[in-house]
Amino acid sequence: MSPATRSGSTRKVAVVGVALSDCGRVDEATPYALHAQAARRALADSGLSRDVIDGIASAGLGTLAPVEVAEYLGLRPRWVDSTSVGGATWEVMAAHATDAIAAGHANAVLLVYGSTARADIKAKRRTSNLSFGARGPLQFEVPYGHSLIAKYAMAARRHMHEYGTTLEQLASVAVQARTNAATNPDAMFRDPITVDEVLDGPMIADPFTKLHCCIRSDGGCAVLLVAEDYVADCASEPVWVLGAGEHVSHTTMSEWDDFTVSPAAVSGRLAFERAGVTPDEIDVAEIYDAFTYMTLVTLEDLGFCEKGEGGPFVEKGRLLRDGGLPTNTDGGGLSAQHPGMRGLFLLVEAVRQLRGQAGDGQVRRADGTLPELAVASGTGGWFCSSGTVVLGR
């Protein structure tokens, strides 16, 4: 696969370092420590010196993110990004970093994240929240108990009403994610589950039972993107950023035109157009899955199946590592890890798959070769934002 750049770019951009911090149940580390651990490991993976890093992108930690993270890591970047649009943050940041590197505004950008969401609740350093706040447009929904989960649940119910999507089809997404997690040593939950177990679990927000919802974990990860000039000095095979797109659609549910269409319908189209590839050519898909419905509707909106056909598409085992479209090959947020804004984990897994570094969870094409193309698509808020990145070897 020949490396390509986005329209107007002058330098090709590659991912040369990826890593996870310790993940799952991490009771003794701070979020800053997880950032540092992931960053050190990603840098070691790249084989480059920390001196080459002149850009940093981070969100979700500190009063002045990413300033505090940069200081903690001992970096003095000349390019920064703190875009925060929920789970899609990291794909949007990757798009911004790619443009900056291609234009010569930076040479090496570190995307880094870490969170102790699980440990903080266990230690009573924080509590669960029902809403993101009650100011601005949200003030019209919060009084009615409109939680984030309820918003996704309503969207799922609309899809079921419009297209006949079934609870069993949604449950199959969770079952396949858990099957993929079974061979991932970094996954928090690896024991198999069945459709009946998903359906019989405690109700969280109708129609979502517990296993329709992502897990809560601790953890972090980092991704290092560099200009093509640095690739020859790297220890790992480069994975090229071929195209990226981003889109925001709404924050108030009453302003969402169609509950069955996510912003990935726009970000995906842009990413594929800029990469010069089609969904049919993709070998591996890493999709944000805070809830089972997110996976299903994003697959539709990225063009892997027609609108309304997501239910039949996912129930046939296509998402399994040896299925027609290996999806969330590490187990996703439903089984592997979900410490908050999980979008960066999607990029890490996509890169590992393209490099052939996924161990027992490695995807191979029908002819036994490694995958050539991968897509990572993040969703933020309650389908408020989307970022999609197409990667290739």
Side-chain angles (χ1 to χ4, degrees), residues 152-153 155-181 192-196 198-199 207-209 211-214 245 258-269 271-272 277-336 346 349-350 353 361 363-366 371 373-379 383 386 388-390:
Y152 279 102
R157 274 294 182 195
R158 189 65 197 180
H159 200 280
M160 295 170 71
H161 173 77
E162 291 282 346
Y163 300 111
T165 306
T166 67
L167 288 173
E168 289 78 8
Q169 290 168 341
L170 290 171
S172 73
V173 174
V175 171
Q176 291 173 81
R178 183 62 64 87
T179 300
N180 288 343
I193 56 175
T194 66
V195 167
D196 285 342
V198 177
L199 299 180
F208 295 147
T209 56
L211 292 175
H212 280 285
C213 307
C214 66
D258 187 340
F259 282 17
T260 70
V261 178
S262 79
V266 176
S267 71
R269 174 178 55 80
F272 287 129
V277 303
T278 66
D280 290 342
E281 298 176 79
I282 296 297
D283 299 308
V284 178
E286 307 299 340
I287 293 174
Y288 207 98
D289 61 341
F291 306 97
T292 53
Y293 176 61
M294 293 176 75
T295 303
L296 184 148
V297 77
T298 304
L299 287 167
E300 291 180 348
D301 292 334
L302 291 178
F304 291 111
C305 60
E306 295 297 322
K307 177 55 62 181
E309 295 182 2
F313 183 87
V314 302
E315 71 179 346
K316 297 177 181 178
R318 284 191 175 94
L319 312 187
L320 296 173
R321 196 171 292 111
D322 58 355
L325 180 66
T327 299
N328 295 340
T329 47
D330 62 345
L334 292 169
S335 287
L346 310 180
E349 177 64 12
Q353 288 290 344
V363 169
R364 293 196 175 270
R365 304 170 87 184
L373 291 170
V375 64
S377 189
T379 302
F383 288 116
S386 177
T388 303
V389 180
V390 178

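These numbers come from the heavy atoms of this one structure, side chains and all, not from hydrogens, waters or symmetry mates. Since we're looking at a predicted model, the values are computed, not measured.
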S.K.: Taking all heavy atoms of A153 and all of P207, pick out the closest pair and write down the distance.
M.R.: O-CD, 3.6 Å
S.K.: So does L373 get a backbone contact from the side chain of D283, meaning a donor-acceptor N/O pair under 3.5 Å?
M.R.: yes
S.K.: Measure the CD-OG distance between Q176 and S335 for me, rounded to the nearest 0.5 Å.
M.R.: 11.5 Å
S.K.: Please name all residues satisfying ring-ring contact (aromatic ring centres under 6.0 Å, His included) with F272, sequence neighbours left out, ordered by chain then number.
M.R.: none
S.K.: Working to the nearest 0.5 angstrom, can you tell me the gap between T295 OG1 and Y288 OH?
M.R.: 11.5 Å
S.K.: Might you point out which heavy atoms bring S267 and T388 nearest each other, and give the distance in Å?
M.R.: OG-OG1, 2.8 Å
S.K.: Verify side chain to side chain contact (heavy atoms under 4.5 Å, CB included) between N180 and L320, making sure each step is shown before the conclusion.
M.R.: CA-CA 6 Å; N180 288 343; L320 296 173; 4.1 Å; yes
S.K.: Are T278 and E281 close enough that a side-chain donor and a side-chain acceptor fall under 3.5 Å?
M.R.: yes
S.K.: Quick one: list whatever passes ring-ring contact (aromatic ring centres under 6.0 Å, His included) with F313, sequence neighbours left out.
M.R.: none
S.K.: When rounded to the nearest 0.5 angstrom, what is the spacing between OG1 in T166 and CD in E315?
M.R.: 6.0 Å
S.K.: Do you know the tightest heavy-atom contact between S262 and V297?
M.R.: CB-CG1, 4.3 Å
S.K.: Check A264 against L302 and note the closest heavy-atom contact, atom names and distance.
M.R.: O-CD2, 3.9 Å
S.K.: Mind listing the side-chain donor-acceptor pairs of residues 322-333 below 3.5 Å, one per line with the distance, residues two or more places apart or on another chain?
M.R.:
{"unit_1": "T327", "atom_1": "OG1", "unit_2": "L325", "atom_2": "O", "d": "2.7"}
{"unit_1": "N328", "atom_1": "OD1", "unit_2": "I287", "atom_2": "N", "d": "2.7"}
{"unit_1": "N328", "atom_1": "ND2", "unit_2": "I287", "atom_2": "O", "d": "3.1"}
{"unit_1": "N328", "atom_1": "ND2", "unit_2": "D289", "atom_2": "OD2", "d": "3.4"}
{"unit_1": "T329", "atom_1": "OG1", "unit_2": "E286", "atom_2": "OE2", "d": "2.7"}
{"unit_1": "T329", "atom_1": "OG1", "unit_2": "E349", "atom_2": "OE2", "d": "2.7"}
{"unit_1": "T329", "atom_1": "OG1", "unit_2": "Q353", "atom_2": "NE2", "d": "3.3"}
{"unit_1": "D330", "atom_1": "OD1", "unit_2": "G332", "atom_2": "N", "d": "2.9"}
{"unit_1": "D330", "atom_1": "OD2", "unit_2": "R342", "atom_2": "NH2", "d": "2.8"}

S.K.: Keeping the roles fixed (side chain from E309, backbone from E300), state whether a donor-acceptor pair exists under 3.5 Å.
M.R.: no
S.K.: Ignoring hydrogens, what is the shortest heavy-atom contact between T379 and M294? Give both atom names and the distance.
M.R.: CB-CE, 3.5 Å
S.K.: Answer whether the closest heavy-atom distance between the side chains of F383 and D301 falls below 4.5 Å.
M.R.: no
S.K.: Any donor-acceptor pair under 3.5 Å linking the side chain of T209 with the backbone of V198?
M.R.: yes
S.K.: Minimum heavy-atom separation for L170 to L296, with atom names?
M.R.: CD2-CD1, 3.9 Å
S.K.: Do any pairs count as a salt bridge (Lys or Arg N to Asp or Glu O under 4.0 Å) and have a residue in residues 161-178, sequence neighbours left out, and if so which ones?
M.R.: R158-E162
S.K.: With sequence neighbours left out, what residues match F304 under ring-ring contact (aromatic ring centres under 6.0 Å, His included)?
M.R.: none
S.K.: State the OG-CG distance between S377 and L346, to the nearest 0.5 angstrom.
M.R.: 8.0 Å
S.K.: Among all residues two or more places apart in sequence or in another chain, which pass the ring-ring contact (aromatic ring centres under 6.0 Å, His included) test with H212?
M.R.: F208
